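Structure, as structure tokens:
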Amino acid sequence: MQPCSRFVFKVLRQLVHLKLLLPPTVIQVSAQDGNSIVLPTCGAPGDTLLIRQPERPFAATASLPNEVVTSLPGTSNRIAVVRPAFLPFDQQQQHLSEVIAPLGTSAVALAAHTQLAPQRLLVDEYTQSSSGSYVLSKAATELATYLQRRAVSVALVPDVTAAAAGQLADVPNSVAAATKLRSMQSTNRVLMVAPTAFGFNDQAAQDNSFMHQAERPQEHSSLTSQVCGEFSELHRQLTEVAGVEVQLFQHHIRHGTPDAVFPNNWFSTHAAGEGAGGVGERTLVLYPMKCSNRAAERRPEIIQVLLQQYPRLVDMTAHESQSKSYFEGTGVLVLDRVNGVAYVALSERADRALAEEWVSGMGYKDLVTFHSSDQRGKSVYHTNVMMAIGTDVAVVCAESVADDKEKQNLLVSRLAAILASFF
């Protein structure tokens with residue numbers, strides 16, 4: 001594709017949104033100095049008092065000094081001390097109220113800059129013993145990770161004070177999702193298939209102009225080994241750094257599925273209430289694939305696992321044989337899950353009639369179709385190659401849409417509505 005001077009909606013919010021199931025407890029600031037916050041404790045008695053000590057600690061201690069305990073506003077089963085990980089010794093640490101603020105029921109706004117490596121914050125947790133002292137139970141947990149483990153929903157924002165003070169109807173998607181005002185645009189739970197039998201897919205290369213000839217799947221493949229190494233680091237970053245929950249599967253050469261690493265093309269999952277309320281219950285959708293070795297990726301054991309979590313099944317796969325028409329999942333569908341709008345770049349793998357069937361069956365509010373092509377004039381095979389919608393950002397390669405009316409409809413009439421929901 002030609003170099004894209006991408007039409008980027010400039011937003012102030014970060015992409016990452018972290019969420020877990022929440023107890024119905026209100027998080028409260030417990031001190032006027034802005035250095036103490038009470039967190040609910042899910043599944044255990046008592047609350048956790050999150051504090052920043054006036055005198056910066058440079059390490060966890062075996063037990064919390066008595067002078068710290070007696071200076072605190074009230075008591076708690078757990079005391080969690082926040083300290084900077086990489087702040088130079090001669091720089092002042094921020095007040096807790098400058099980096100975290102309650103959003104009501106079991107949710108907080110967290111300053112986005114705390115996710116940048118030099119500005120990371122750590123938590124040392126102390127638990128009250130039978131003698132009344134507070135003994136170190138866990139040291140140096142990254143703050144966002146600690147909050148997740150306490151079952152607190154986190155919205156990353158540039159200004160925590162503004163986020164906490166804003167009117168709920170006007171808050172960005174990250175805050176609205178954390179406070180359950182709107183459905184989530186993005187998720188922190190994904191299914192991945194490791195590329196353990198990866199290789200060049202001759203079938204897919206027929207209409208995918210972005211593919212380059214490479215080694216086919218085989219035993220002792222250097223390509224497969226290289227890709228597995230890269231994928232393992234992606235898995236580590238998602239699980240250990242970003243806090244994403246990953247269900248991980250693998251595949252064998254006997255499956256005959258060289259592209260199994262892209263499972264989003266053959267299935268999608270949808271929460272109840274998604275699509276501006278159009279999705280009535282948790283739903284699994286299976287999609288018709290153009291290539292037979294892509295259709296083979298729909299392995300029964302994976303589908304059964306998904307059905308345990310998404311009991312309603314919408315199966316569109318019969319179109320592969322009945323009408324020879326295809327609709328390849330969230331490769332061809334780019335979804336605005338908050339406002340209920342589906343975007344589809346029409347191609348051999350994205351049939352218009354199936355797009356309309358999907359929108360009607362899923363209860364979405366609108367469908368936007370258009371044509372996208374690369375610099376050689378070939379159709380872009382999947383919509384997600386040229387656009388994406390995140391929690392608080394949308395990106396589209398507008399130069400790939402040649403028709404002026406389609407481009408105008410895509411950018412001005414449609415995506416502008418997404419921009420409005422970011423603020």
Side-chain angles (χ1 to χ4, degrees), residues 18-85 87 92-111 113-115 119-157 160-161 163-165 175 178-179 243:
L18 310 173
K19 178 185 176 295
L20 290 176
L21 295 176
L22 311 173
T25 309
V26 176
I27 297 174
Q28 299 176 337
V29 176
S30 64
Q32 297 301 317
D33 63 1
N35 278 324
S36 302
I37 291 179
V38 177
L39 300 177
T41 302
C42 184
D47 294 325
T48 298
L49 187 62
L50 192 71
I51 69 168
R52 191 216 74 167
Q53 293 188 45
E55 199 69 35
R56 175 185 172 184
F58 287 87
T61 54
S63 61
L64 201 59
N66 186 60
E67 60 268 24
V68 173
V69 176
T70 56
S71 69
L72 297 177
T75 59
S76 178
N77 286 10
R78 292 178 180 83
I79 296 175
V81 179
V82 179
R83 59 184 168 96
L87 187 70
Q92 291 293 317
Q93 57 179 337
Q94 288 183 289
H95 279 255
L96 203 58
S97 61
E98 296 177 289
V99 295
I100 185 171
L103 292 177
T105 304
S106 302
V108 297
L110 182 64
H113 68 75
T114 62
Q115 299 307 291
Q119 301 181 61
R120 287 288 175 98
L121 296 174
L122 304 178
V123 175
D124 302 318
E125 183 185 79
Y126 298 85
T127 304
Q128 192 172 32
S129 67
S130 57
S131 66
S133 63
Y134 287 85
V135 179
L136 181 67
S137 53
K138 188 174 290 292
T141 304
E142 192 272 327
L143 177 56
T145 301
Y146 181 82
L147 291 167
Q148 289 183 78
R149 292 173 181 173
R150 294 265 67 80
V152 174
S153 189
V154 178
L156 297 182
V157 297
V160 297
T161 303
V175 175
T179 54

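Since the structure is predicted, the reported quantities are computational estimates derived from the model, not experimental observations.
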Worksheet entry | Pairwise side-chain contact, E98 with V160, heavy-atom cut-off 4.5 Å (strictly under) | no
Worksheet item: Is the shortest heavy-atom distance from the side chain of L49 to the side chain of L72 under 4.5 Å?
Response: yes
Practice prompt. Determine whether S97 and R52 make a side-chain contact, defined as any pair of heavy atoms from C-beta on separated by less than 4.5 Å.
Written response: no
Worksheet item: Looking at L96 and L50, what are the two nearest heavy atoms and their distance?
Response: CD2-O, 3.5 Å
Discussion item. Could you tell me if the side chain of V157 sits less than 4.5 Å from the side chain of L110, heavy atoms only?
Written reply: no
Worksheet item: Should L87 and R56 be marked as a side chain to side chain contact (heavy atoms under 4.5 Å, CB included) after you check the CA-CA gap, both sets of side-chain angles, and the distance that decides it?
Response: CA-CA 11 Å; L87 187 70; R56 175 185 172 184; 3.7 Å; yes
Practice prompt. To the nearest 0.5 angstrom, please state how far the CG atom of L147 sits from the CD atom of E142.
Written response: 8.5 Å
Item to complete: State, with a plain yes or no, whether a side-chain heavy atom of I51 is found less than 4.5 Å away from one of V82.
Response: no
Worksheet entry | side chain to side chain donor-acceptor pair (under 3.5 Å) partners of residues 120-129, not counting sequence neighbours, each pair once | T61-Y126, R83-D124, E125-S137, E125-Y146, E125-R150, T127-S137, S129-S131, S129-S133
Fill in: Gap separating the CD1 atom of I100 from the NE2 atom of H95, nearest 0.5 angstrom
15.5 Å
Discussion item. Does any part of the side chain of V99, heavy atoms only, come nearer than 4.5 Å to the side chain of H113, both counted from C-beta?
Written reply: yes
Item to complete: Kindly indicate whether the side chain of Q148, heavy atoms from C-beta on, has any atom under 4.5 Å from the side chain of V152.
Response: no
Worksheet item: What are the two closest heavy atoms between P57 and V81, and how far apart are they?
Response: CG-CG1, 4.2 Å
Worksheet item: So do the side chains of V154 and L156 get within less than 4.5 Å of each other, counting heavy atoms only?
Response: yes
Worksheet, complete the sentence: Sorted by chain and residue number, the side-chain hydrogen bond (donor to acceptor under 3.5 Å, both in side chains) partners of Q53 (sequence neighbours excluded) come out as none
Worksheet item: In terms of heavy-atom contacts, does CD of E67 have more than 12 from other residues, nucleotides or ligands at under 6.0 Å?
Response: yes
Worksheet entry | Heavy-atom donor-acceptor pair, T145 side chain to T141 backbone, under 3.5 Å | no
Response to the item:
What one should report as the nearest heavy-atom pair of Q93 and P54 is NE2-O, 4.1 Å
